[in-house]
Amino acid sequence: MRISEGSRAAALLIAGLALAACEGLPGAGGPSRATVTVAGEPIVIAGPPGFCIDRETLNVSDFGAFALMSDCALLASGTRAGADSRAALTASISSGGLGGEGDDPVQSLADLAAFAQTGEGRALLGRSGSANGVRILATRQSGEVLFVLVEDRGPQPIAGVDRRFWRAFLEVKDRMAVLSVLGFEDAGLDPQAGLDLLAAFVAALQRANPA
């Protein structure tokens with residue numbers, strides 16, 4: 001199996017998501033979308049209706065961009081109390097693409113799905129930073145999008161977030177995007193509902209960044 005350096009770099013970016021998300025729950029509110037420039041390419045981060053960007057988590061660097069999105073009412077109030085929110089969303093945009101130049105995105109996703117089953121892959125897709133206690137429960141490839149259901153039983157850096165969560169991998173304007181749904185504990189977000197929410201997140205990102 002060949003995993004390109006671009007895919008590895010994007011996977012390494014995942015490892016930083018947990019800390020950023022932890023620092024951003026809850027936040028001070030923000031817009032429903034934001035435009036970030038990643039390796040010279042403007043990318044619009046946009047989520048499903050009702051989700052806004054926590055401006056305190058929006059970060060752009062030479063390696064890519066990261067943002068956390070949550071219920072707009074939750075962000076406006078600064079508390080979860082009374083907010084109809086079952087999950088937070090994260091978006092990470094890498095400075096590289098899914099594979100090397102000229103690679104087939106569908107094949108690159110198939111390679112990435114296989115990589116996710118390795119120890120290194122599980123460690124990167126989990127939140128605890130270790131492959132121990134991390135399982136890949138499901139992978140689903142729909143066209144040029146890969147969905148991965150992860151379970152992490154290791155030490156959690158984010159309090160109050162379900163140990164099972166979905167990630168999606170896709171390419172947007174030749175940049176690799178990694179989207180995640182982080183369900184809150186006891187919020188009633190089952191795996192199918194989480195997948196549906198992530199699919200809506202993917203669709204919103206694709207609409208905001210037409211080819």
Side-chain angles (χ1 to χ4, degrees), residues 1-25 38-39 57 59-69 87-100 103 105-142 144-172 175-185 189 191 194-195 197-198 201-202:
M1 178 189 63
R2 180 180 61 81
I3 299 295
S4 73
E5 289 304 315
S7 292
R8 284 186 179 276
L12 287 170
L13 190 57
I14 299 170
L17 296 183
L19 178 60
C22 183
E23 292 174 345
L25 285 174
V38 179
T57 69
N59 181 54
V60 182
S61 71
D62 292 340
F63 301 102
F66 171 84
L68 180 142
M69 305 188 77
L89 310 176
T90 65
S92 178
I93 313 297
S94 172
S95 58
L98 276 169
D103 283 357
V106 174
Q107 183 58 51
S108 295
L109 288 173
D111 291 345
L112 190 55
F115 175 64
Q117 300 290 346
T118 68
E120 183 183 1
R122 294 198 311 274
L124 289 172
L125 267 70
R127 292 195 299 256
S128 59
S130 170
N132 297 329
V134 176
R135 294 192 300 159
I136 304 301
L137 302 180
T139 58
R140 300 183 184 182
Q141 189 168 340
S142 176
E144 296 185 0
V145 183
L146 174 67
F147 297 92
V148 182
L149 178 59
V150 184
E151 179 183 74
D152 191 343
R153 292 290 174 183
Q156 297 296 298
I158 310 174
V161 175
D162 199 309
R163 293 180 181 272
R164 292 187 178 187
F165 53 95
W166 284 97
R167 295 199 192 277
F169 299 81
L170 66 154
E171 201 166 65
V172 176
R175 304 291 180 264
M176 185 176 183
V178 183
L179 309 183
S180 302
V181 170
L182 307 178
F184 297 133
E185 288 181 336
L189 189 74
L195 178 59
L197 179 57
L198 186 55
F201 192 8
V202 168

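A donor-acceptor contact shorter than 3.5 Å links the side chain of Thr118 to the backbone of Gly121. Side-chain atoms of Thr57 come within 3.5 Å of backbone atoms of Leu68 as a donor-acceptor pair (strictly under, hydrogens ignored). For the pair Arg175 (side chain) and Gly64 (backbone), a donor-acceptor distance under 3.5 Å is absent.
Put simply, CZ on Arg135 and CZ on Arg164 are 6.0 Å apart, with the number rounded to the nearest 0.5 Å. One distance of note links CG of Asp162 with CD of Glu151; it measures 9.0 Å at 0.5 Å rounding. To the nearest 0.5 angstrom, Ser108 atom OG is 11.0 Å from Leu146 atom CG. Distance check: Leu195 CG to Leu149 CG gives 8.5 Å after rounding to the nearest 0.5 Å. Between atom OG of residue Ser95 and atom CZ of residue Phe63 there is a gap of 8.0 Å, rounded to the nearest 0.5 Å. Here Ser180 contributes atom OG and Phe201 contributes atom CZ; the two are 8.5 Å apart, rounded to the nearest 0.5 Å.
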* Asked: Can you list the steps and then say if Val172 with Ile93 is a side chain to side chain contact (heavy atoms under 4.5 Å, CB included)?
  -> CA-CA 9 Å; Val172 176; Ile93 313 297; 5.8 Å; no
* To do: For side chain to side chain contact (heavy atoms under 4.5 Å, CB included), just list the numbers for Leu197 and Leu89, CA-CA rounded to whole Å, side-chain angles, deciding distance to a tenth of an Å, and then say yes or no.
  => CA-CA 9 Å; Leu197 179 57; Leu89 310 176; 3.9 Å; yes
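In terms of heavy-atom proximity, Ala131 sits nearest to Gly119 at CB-O, 3.3 Å. The heavy-atom pair separating Ile136 from Ala116 by the smallest distance is CG1-O, 3.4 Å. Minimum interatomic distance between Trp166 and Gly194 (heavy atoms only, all atoms of both residues): CD1-C, 3.7 Å. Gln117 and Thr139 make their closest contact through NE2-CG2, 4.2 Å (heavy atoms, listed as atom of the first residue, atom of the second, distance). The minimum heavy-atom distance linking Ala87 with Leu189 is given by the pair CB-CD2, 3.8 Å.
Applying side-chain contact (heavy atoms from CB on, under 4.5 Å) to Phe169 and the options Leu109, Val202, Leu179 leaves one that passes, Leu109.
Take Arg140 and apply the salt bridge (charged side-chain N to carboxylate O under 4.0 Å, His left out) test, not counting sequence neighbours, and it matches no residue. Arg122 meets the salt bridge (charged side-chain N to carboxylate O under 4.0 Å, His left out) test with no other residue; sequence neighbours excluded.
Side-chain contact between Leu125 and Val134 is absent, with no heavy-atom pair separated by less than 4.5 Å. Under the 4.5 Å side-chain criterion, counting only non-hydrogen atoms from C-beta, Val150 is in contact with Phe165.
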